[in-house]
Amino acid sequence: QGIQMIQNGEWTVVNASGAPVGRVDGDEFIRQGANLLYRIDGNEIYTVGSNAQLVANIDGETARSPQTGQVVLRFLRD
């Protein structure tokens, strides 16, 4: 799960509605083009920058809000 799963391939990241958000290319970042959107640390997803905030917890190929449990992101293997 989490970073171990993601480091083993390339992923398209979509939001809960299925709209594309960005990509993971075998590292710990979700990016949109050259822009880093989120950082993956273990099974947690954070915003990037010095004031990083927890966005979601990864469970398999789904990331859920720690506050509500709702799906925030999904990972689709390319």
Side-chain angles (χ1 to χ4, degrees):
Q1 288 183 332
I3 193 69
Q4 295 80 18
M5 173 190 78
I6 291 163
Q7 284 180 327
N8 292 325
E10 296 179 347
W11 301 81
T12 297
V13 182
V14 298
N15 65 18
S17 301
V21 172
R23 295 190 44 77
V24 176
D25 291 317
D27 61 14
E28 72 272 22
F29 293 102
I30 299 171
R31 61 179 48 80
Q32 187 176 60
N35 298 321
L36 300 179
L37 302 177
Y38 302 105
R39 177 180 55 85
I40 301 166
D41 185 1
N43 290 331
E44 298 173 331
I45 299 175
Y46 293 88
T47 57
V48 294
S50 59
N51 294 323
Q53 301 291 314
L54 178 63
V55 174
N57 296 306
I58 299 172
D59 181 19
E61 297 179 5
T62 302
R64 296 181 179 275
S65 165
Q67 290 83 18
T68 66
Q70 292 183 324
V71 173
V72 177
L73 299 170
R74 294 185 194 278
F75 296 91
L76 308 175
R77 188 181 288 276
D78 290 348

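What's counted below: heavy atoms across the whole structure, side chains too, no hydrogens, waters or symmetry copies. From a predicted model like this one, the values you see are computed outputs, not experimental measurements.
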Ser65 side chain to Gln67 main-chain N or O, any donor-acceptor pair under 3.5 Å? yes

If I take atom CH2 from residue Trp11 and atom CZ from residue Arg77, how far apart are they, to the nearest 0.5 angstrom? 4.0 Å

Please check if Val72 and Val14 belong to a single hydrophobic cluster, counting links between Ile, Leu, Val, Met, Phe, Trp and Tyr side chain heavy atoms closer than 4.5 Å. no

Report the residues that fulfil salt bridge (charged side-chain N to carboxylate O under 4.0 Å, His left out) with Arg64, sequence neighbours left out, ordered by chain and then residue number. none

Between the CZ atom in Phe29 and the CG atom in Leu36, the distance rounded to the nearest 0.5 Å is 5.5 Å

Sequence neighbours excluded, the answer for side chain to side chain contact (heavy atoms under 4.5 Å, CB included) partners of Asp78 is Glu10, Thr12, Arg23

Spatial distance of atom CG (Asp41) from atom CG (Leu54) [nearest 0.5 Å]: 10.0 Å

Output for pair (Asp27 CG, Ile40 CD1), nearest 0.5 Å, gives 8.0 Å

Shortest non-hydrogen contact between Gln32 and Leu37, atoms and distance: CB-CD1, 3.7 Å

Is there a donor-acceptor pair closer than 3.5 Å between any side-chain N or O of Glu61 and the backbone N or O of Leu76? no

Side chain to side chain contact (heavy atoms under 4.5 Å, CB included) with Leu73: which of Ile30, Thr62, Ile58? Ile30

